Protein chains: 2
Amino acid sequence: MALKYSRQRESIKKYLATTKEHPTADMVYNNIRKQYPNISLGTVYRNLNLLVDQGDIIKFTTGDGSDRFDSKTNKHYHFVCNKCSNVSDLFMEHDFIDLINKSAEENFNGEIQGHDILFYGLCKDCQES
Amino acid sequence: MALKYSRQRESIKKYLATTKEHPTADMVYNNIRKQYPNISLGTVYRNLNLLVDQGDIIKFTTGDGSDRFDSKTNKHYHFVCNKCSNVSDLFMEHDFIDLINKSAEENFNGEIQGHDILFYGLCKDCQES
DNA sequence: GTCCTTGCAAATAGTTTGCAAGCCG
DNA sequence: CGGCTTGCAAACTATTTGCAAGGAC
């Protein structure tokens with residue numbers, strides 16, 4: 001529980017806080033390597049999982065095989081473009097999020113505690129081209 | 001495109017049509033092996049992907065590392081129990097499904113074509129124990 | 001006979017882990 | 001110093017693929 005400071009972890013945290021892509025572990029690795037060429041992929045994975053455990057970041061998947069990481073920890077959804085595969089954030093009213101849970105509970109024999117949604121379609125850029 | 005008959009594929013199809021668990025490839029493999037002890041995991045994967053391509057079954061993930069397969073191809077959601085990890089189906093009104101897409105589109109700069117939802121909570125059995 | 005399908009094994013992708021050395025407090 | 005953290009490499013899990021033999025039509 002008592003995490004010690006490490007510049008590698010700080011660097012990962014800072015990168016996630018500033019990027020808008022929702023990077024995979026490998027993307028994080030390649031980015032941090034610019035500053036710390038000796039960092040290892042294992043260290044990246046270890047720190048990403050530590051940050052997830054602490055609730056500093058979240059981990060999710062788009063079903064493409066690798067996990068993705070996001071420093072925005074407030075409740076929101078994700079969108080994947082069917083054409084360029086880029087991942088974006090999609091925020092919705094908390095009231096509507098609750099409504100989805102409530103509606104699900106009406107159709108389900110058990111207790112709904114939450115949900116994740118992955119939207120797909122065409123992002124603005126691909127729509128225009 | 002022209003698929004030839006194979007008893008292995010038929011067996012996989014039949015098993016998926018009758019099971020209510022949402023099996024991983026490995027679970028399918030272990031089940032089919034009772035009837036065809038020599039079937040290989042590669043054959044199971046190949047056939048599952050063929051069936052997905054044909055639209056006979058769907059593939060989805062709960063984020064636990066392995067893909068799951070479902071012979072119910074009509075639009076519906078999935079639920080994972082936080083305690084026993086079992087996966088169940090969760091059907092909702094098509095009107096509400098459309099409403100979710102519409103609401104998302106209001107909050108997003110791009111075209112929403114669809115979505116998947118993974119609900120989580122406690123299933124009936126775990127609620128009672 | 002043609003060519004799709006299979007079993008087997010090797011290869012690949014993503015992630016985790018054991019270990020000795022390094023760094024924080 | 002003690003113990004968390006790192007780099008490296010090996011191990012693991014899930015899935016895919018090359019190939020020669022087998023089966024469908």
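This one's a predicted model, so the numbers in the text were calculated from it and none came from an experiment. So you know, we letter chains A, B, ... as the sequences are listed, proteins then strands, and number each from 1.
- In this structure, B:S66 reaches the sugar-phosphate backbone alone: every heavy-atom distance under 4.0 Å involves primed, P, OP1 or OP2 atoms, never a base.
- Here A:L41 lies in heavy-atom contact (under 4.0 Å) with a base.
- Under the side-chain hydrogen bond (donor to acceptor under 3.5 Å, both in side chains) test applied with A:H78, the options A:D116, A:T62, A:D89 reduce to a single match, A:D89.
- Ring centroids of A:F119 and B:F108 are separated by 6.0 Å or more, keeping the two rings apart.
- In this model, the phosphate group of C:dT16 is approached by a side-chain N or O of A:N49 to a distance below 4.0 Å at OP1 or OP2.
- Rounded to an integer number of Å, the gap from A:I32 CD1 to D:dT6 C1' is 15 Å.
- Taking 4.0 angstrom as the limit, B:Q8 places a side-chain polar atom (N or O) nearer than this to OP1 or OP2 of C:dG7.
- Other residues, nucleotides and ligands contribute more than 12 heavy atoms inside 6.0 Å of the NZ atom of B:K72.
- Contact annotation: A:R9 side-chain N/O to D:dT5 OP1/OP2 distance is under 4.0 Å.
- The distance from atom CG of B:L3 to atom C1' of D:dC25 is 14 Å, rounded to the nearest whole Å.
- Atom-to-atom, NZ of B:K4 to P of D:dC25 comes out at 8 Å; the value is rounded to the nearest Å.
- Where B:A25 and A:P37 meet DNA chain D, the nucleotide closest to each residue was compared, and A:P37 sits on the side nearer the 5' end.
- A 6.0 Å sphere centred on CD of A:Q127 holds more than 12 heavy atoms belonging to other residues, nucleotides or ligands.
- Side-chain atoms of B:R7 stay outside donor-acceptor range of the base of D:dG23, with no qualifying N/O pair under 3.5 Å.
- B:R46 has its CZ atom 10 Å from the C1' atom of C:dC8, to the nearest Å.
- Between the CZ atom of B:R68 and the C1' atom of D:dA14 there is a distance of 13 Å, given to the nearest Å.
- Residue A:D67 is classed as a sugar-phosphate contact, given heavy-atom separations below 4.0 Å to backbone atoms only.
- In this structure, CG of A:L48 is placed 15 Å from P of C:dG14, rounded to the nearest angstrom.
- For the OP1/OP2 pair of C:dT5 and a distance below 4.0 Å, the side-chain nitrogens and oxygens of B:T43 include no atom meeting the criterion.
- Checking the phosphate oxygens (OP1, OP2) of D:dT15, a side-chain nitrogen or oxygen of B:Y45 falls inside 4.0 Å.
- Summarising the local packing, NZ of A:K20 is surrounded by 12 or fewer heavy atoms from other residues, nucleotides or ligands at distances under 6.0 Å.
- Nucleic acid contact for A:G65: sugar-phosphate only, since backbone atoms but no base atoms lie under 4.0 Å from a heavy atom of the residue.
- Between B:Y77 and B:H115, a ring centre-to-centre spacing shorter than 6.0 Å is recorded.
- Distance CZ (B:F69) to C1' (D:dT15): 10 Å, rounded to an integer number of Å.
- Residue contacts for A:Y5: at a heavy-atom cut-off of 4.0 Å it reaches the sugar-phosphate backbone alone, with no base atom in range.
- Applying the 4.0 Å criterion to OP1 and OP2 of D:dC8, one finds that A:S40 has every side-chain N and O outside that range.
- Per the geometry, CG belonging to B:D26 stands 13 Å off P belonging to D:dT16, to the nearest Å.
- For A:N47 and D:dT5, the shortest distance from a side-chain N or O to OP1 or OP2 is not below 4.0 Å.
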